[in-house]
Amino acid sequence: MEIRPQYLQQYLHNIAVDQLSADYLAKGYEVAKEEKVGPFRADLVAKKGDEVIIVEVKAGKMTPQKRQQVAAIGDYVKEHKNYKFLVVVANPPKAKKIDIPNLDQLLVNYLRSNYQEDLCRQFHADVQITSVNNLILDKVTVSERGNIHVEGNGILDIELRYGAFFELPTQDSVAIGDFFPFSFTAILTYSEDKQLTVSSMLKLDVDTSERLG
């Protein structure tokens, strides 16, 4: 499930305060939320020794009341030499589209060469891997040598061929299409002619427990 931006924005302020609180705690500060500062309450106050850091979080547009509060806290802080005042702008994470051109066909080529026979033995049939669809990449990293480490999942489409299908189809031949979810961790490298290929498969899990087709 993808969280819609409007719902994320609704809780962004509290998320930012919690994250800042955890960061300051990890640095050895004593932290208090909604701490009273002069006539107002600050989003966060972090203390360590004589140092006092007052933090206000801005998530979205500031209301006139919020602007007045920030200005008043700023004036209050100026009167205390050991105080620091920070206004932190909280931004929601930006979605990043990860795309490796032709990855679906690269996976098909590798699986046909290295996994297709396993499926034949499992289903007692001539299995042909036809395509890979609905790829979702969870993680992509590039090593210093330029190798690409890819983790993701998708749908593996196959065709199960029964009967005298190895030469020419006959009346006794049967071909059944099916598809299975799979997850993978693969290493992609560039060949000498600069073509991207799947050089190794570190993990491959194909869920054949249920026929989906």
Original post:
Taking the side chain as C-beta and beyond, is there a heavy-atom pair between I54 and Y83 under 4.5 Å?
Top reply: yes
Original post:
If you count the non-hydrogen atoms of other residues, nucleotides and ligands that lie under 6.0 Å from CD in Q65, is the total more than 12?
Top reply: no
**OP:** Can you establish whether the number of heavy atoms outside R67 located under 6.0 Å from its atom CZ is more than 12?
**Re:** no
Subject >> Hydrophobic cluster membership, V55 vs L12, 4.5 Å side-chain cutoff >> reply: no
Subject >> Candidates L107, L202, N153 - the one meeting side chain to side chain contact (heavy atoms under 4.5 Å, CB included) with F184 >> reply: L107
Original post:
Mind checking whether N147 and Y190 have side chains closer than 4.5 Å, heavy atoms only?
Top reply: no
Original post:
Side chains of L196 and I148: closer than 4.5 Å at any heavy-atom pair?
Top reply: yes
Original post:
Does any non-hydrogen side-chain atom of H149 lie less than 4.5 Å from one of S143?
Top reply: no
Original post:
Should we count CD of Q105 as having more than 12 external heavy atoms under 6.0 Å?
Top reply: yes
**OP:** Check whether any side-chain heavy atom of I129 lies under 4.5 Å from a side-chain heavy atom of L156, and answer yes or no.
**Re:** yes
**OP:** Determine yes or no for a side-chain-to-main-chain donor-acceptor pair under 3.5 angstrom, with S131 supplying the side chain and D157 the backbone.
**Re:** no
**OP:** Write down the atom of V57, the atom of A16, and the distance for their closest heavy-atom approach.
**Re:** CG1-CB, 3.8 Å
Original post:
Are any non-hydrogen side-chain atoms of L25 and S21 less than 4.5 angstrom apart?
Top reply: yes
Subject >> Chi angles and distances behind the side chain to side chain contact (heavy atoms under 4.5 Å, CB included) call for V37, V45 >> reply: CA-CA 9 Å; V37 177; V45 175; 4.0 Å; yes
**OP:** State whether the number of non-hydrogen atoms from other residues, nucleotides or ligands found under 6.0 Å of Q122 atom CD is greater than 12.
**Re:** yes
Original post:
Where the side chain of E151 meets the backbone of S183, is there a donor-acceptor pair that is under 3.5 Å apart?
Top reply: no
Original post:
For V77 and V52, what are the C-alpha separation, side-chain angles and deciding distance, and is it a side chain to side chain contact (heavy atoms under 4.5 Å, CB included)?
Top reply: CA-CA 10 Å; V77 168; V52 179; over 6 Å; no
**OP:** Report the C-alpha separation of Q128 and D126 in whole Å, then their side-chain angles, then the decisive distance to 0.1 Å, and conclude whether the side chain to side chain donor-acceptor pair (under 3.5 Å) test is met.
**Re:** CA-CA 7 Å; Q128 297 294 316; D126 176 26; 3.2 Å; yes
**OP:** Compare all side-chain heavy atoms of V198 with those of T189 and state whether any distance is below 4.5 angstrom.
**Re:** no
Original post:
Has K58 got more than 12 heavy atoms of other residues, nucleotides or ligands less than 6.0 Å from its NZ?
Top reply: yes
Original post:
Is the closest side-chain heavy-atom distance between I73 and V70 below 4.5 Å?
Top reply: no
**OP:** Output, in order, the C-alpha distance, side-chain angles, deciding distance and verdict of side chain to side chain contact (heavy atoms under 4.5 Å, CB included) for D43 and K33.
**Re:** CA-CA 6 Å; D43 288 329; K33 302 176 185 177; over 6 Å; no
**OP:** Determine, for K84 against E51, whether the closest basic-nitrogen to carboxylate-oxygen distance falls under 4.0 angstrom.
**Re:** yes
**OP:** Could you give me the CA-CA distance, side-chain angles and deciding distance for N133 and D104, then say whether side chain to side chain contact (heavy atoms under 4.5 Å, CB included) is met?
**Re:** CA-CA 7 Å; N133 293 299; D104 52 352; 5.8 Å; no
**OP:** In plain terms, say whether E56 and K66 are close enough for a salt bridge, that is, a side-chain N and a carboxylate O under 4.0 Å apart.
**Re:** yes
Original post:
When you look at CG of D205, are more than 12 heavy atoms from neighbouring residues, nucleotides or ligands closer to it than 6.0 Å?
Top reply: yes
Original post:
With ring centroids as reference points, do F182 and F180 lie under 6.0 angstrom apart?
Top reply: no
